[in-house]
Amino acid sequence: MYGGHITDDWDRKLCQVYLEEFINPSLVEDELMLAPGFAAPPNLDYSGYHQYIEEMLPPESPALYGLHPNAEIEFLTVTAHTLFRTLLEMQPRKALGSEEQAQAAEDKVKNILDDILEKLPEEFNMVEITQKTTNRSPYVLVCFQECERMNLLLREIRGSLQQLELGLKGELTLSPSVEAHQSALGYDTVPDTWSKLAYPSTYGLAQWFNDLLLRCRELDTWTQDLALPAVVWLSGLFNPQSFLTAVMQATARKHAWPLDKMCLTVDVTKKTKEEYGHPPREGAYLHGLFMEGARWDTQAGSIAEAHLKELTSAMPVICVKAIPVERQETKHTYACPVFKTKMRGPNYVWTFRLRSQEKTAKWVLAGVALLLEA
């Protein structure tokens, strides 16, 4: 009624694991370690429990909650970043006697604007692309949808920058939306009107734009012959779910299996994307995923403890295939959620079952997930 902490299935799963770890027979029968170096208290009275906690509880650290020490590094980094961004945004726009500063800021925006407009690719010619093939397979349709979404974004970027350019020249009145673009470019953030048409991302403007150029290049290569790329850059898609669904649709059509009784199975390879020249006979090869909270041990072929100070580790190429649900391997696997960014939550994409030699609880408490953006 009051908590509201369990907002989705992943919260529920985490809380269930905490309960299973802490409330079990060994709590009363033998010594249960509630945290590293902190055993469950013996049978005491009320003040005795208070004293035990005061004296024995170790200082707060990620390990107390089952998290990796890297979680604290990430948390402090985000906190520091937020603090400095807030300080920057609180600076007065036009401090006294700073005509030169205002001019310098305007020049900076003008340089960024010119740079983006110069590098911004042309929109995809949808008429030409759709006429290249009569085949309307699930993969081809995903490619068309991605190109259409990219066109909307490119159109918005070009249009808003041209308006801002006219505004800076004094040929157009600066409206609130144009001013918002100007301040976003000055602060190296992605303008809101672009974000709404784009994909979730935590990057600053410079990194975001380089990422956009890579996505355009990837789509351009795919539209040349509309054949499935040897290794698909899953992170480079607006809608990765549609591609993963297309893998299931293609397999369902081929074997005449019912789509609602199918699921995806993943096999993590030991190779990088350069080592593949063509797609698999069934399914697809994926790259561009990162693991947070743990790492992938290529030699052992399973999830392993993360290295200290390595906040996310790149995954090798993953081969994804569709199979009937009853054939899914669930023993010695961890149901690893895939998210688009570190913000997780609404950015959920899919769940991949990854091989694990440890208990599932360890990875659930460590918050292990795959991300499409490091």
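This one's a predicted model, so the numbers in the text were calculated from it and none came from an experiment. One-based numbering along the sequence shown.
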Fill in: Under-4.0 Å salt bridge between R155 and E123
yes

Worksheet entry | Test item: E282 side-chain N/O and K321 main-chain N/O as donor-acceptor pair under 3.5 Å | no

Practice prompt. State whether K119 and D115 are salt-bridged, where the test is any N-O pair (Lys NZ or Arg NE/NH1/NH2 against Asp/Glu carboxylate O) under 4.0 Å.
Written response: yes

Fill in: Any donor-acceptor pair under 3.5 Å from Y203 side chain to D211 backbone
no

Item to complete: Run the salt-bridge test on K359 and E20 with the 4.0 Å N-O cut-off and return the result as yes or no.
Response: no

Worksheet item: Is there a chain of hydrophobic side chains (I, L, V, M, F, W, Y, each step under 4.5 Å between heavy atoms) that links W233 to M291?
Response: no

Worksheet item: N111 side chain to K108 main-chain N or O, any donor-acceptor pair under 3.5 Å?
Response: no

Worksheet item: Looking at L370, T312, V266, V349, which one forms a side chain to side chain contact (heavy atoms under 4.5 Å, CB included) with L289?
Response: L370

Worksheet item: Got a sec: does the CZ of R355 have more than 12 other heavy atoms crowding it under 6.0 Å?
Response: no

Practice prompt. Keeping the roles fixed (side chain from E275, backbone from T272), state whether a donor-acceptor pair exists under 3.5 Å.
Written response: yes

Worksheet item: Is R295 reaching over with its side chain to a backbone N or O of E305, donor-acceptor style, under 3.5 angstrom?
Response: yes

Practice prompt. Please answer: with hydrophobic residues joined when any side-chain heavy atoms are less than 4.5 Å apart, are V231 and W222 in the same cluster?
Written response: no

Discussion item. Keeping E292 on the side-chain end and G367 on the backbone end, is there a donor-acceptor pair under 3.5 Å?
Written reply: no

Worksheet item: Taking everything shown except K342 itself, do over 12 heavy atoms lie less than 6.0 Å from its NZ?
Response: yes

Item to complete: Indicate if F290 and F75 have the same hydrophobic cluster label, given that clusters are the connected sets of ILVMFWY residues with side-chain heavy-atom separations under 4.5 angstrom.
Response: no

Discussion item. Can a donor-acceptor pair be found, under 3.5 Å and without considering hydrogens, that links the side chain of S242 to the backbone of V142?
Written reply: no

Worksheet item: L161 versus W194: any side-chain heavy-atom pair under 4.5 Å?
Response: yes

Practice prompt. Please answer whether the main-chain N or O of C319 pairs with a side-chain N or O of D267 as donor and acceptor at a distance below 3.5 Å.
Written response: no

Worksheet entry | Pair K13 + D9, salt bridge at N-O below 4.0 Å | no

Worksheet item: Counting distance only, does the side-chain N/O of K132 pair as donor-acceptor with the main-chain N or O of T223 below 3.5 Å?
Response: yes

Practice prompt. Could you go through the side chain to side chain donor-acceptor pair (under 3.5 Å) check for T193 and H181 one step at a time?
Written response: CA-CA 9 Å; T193 57; H181 280 102; 2.8 Å; yes

Discussion item. Are there over 12 heavy-atom neighbours, none belonging to N43, within less than 6.0 Å of that residue's CG?
Written reply: no

Discussion item. Between N70 (side chain only) and K309 (backbone N and O only), is there a donor and an acceptor less than 3.5 Å apart?
Written reply: yes

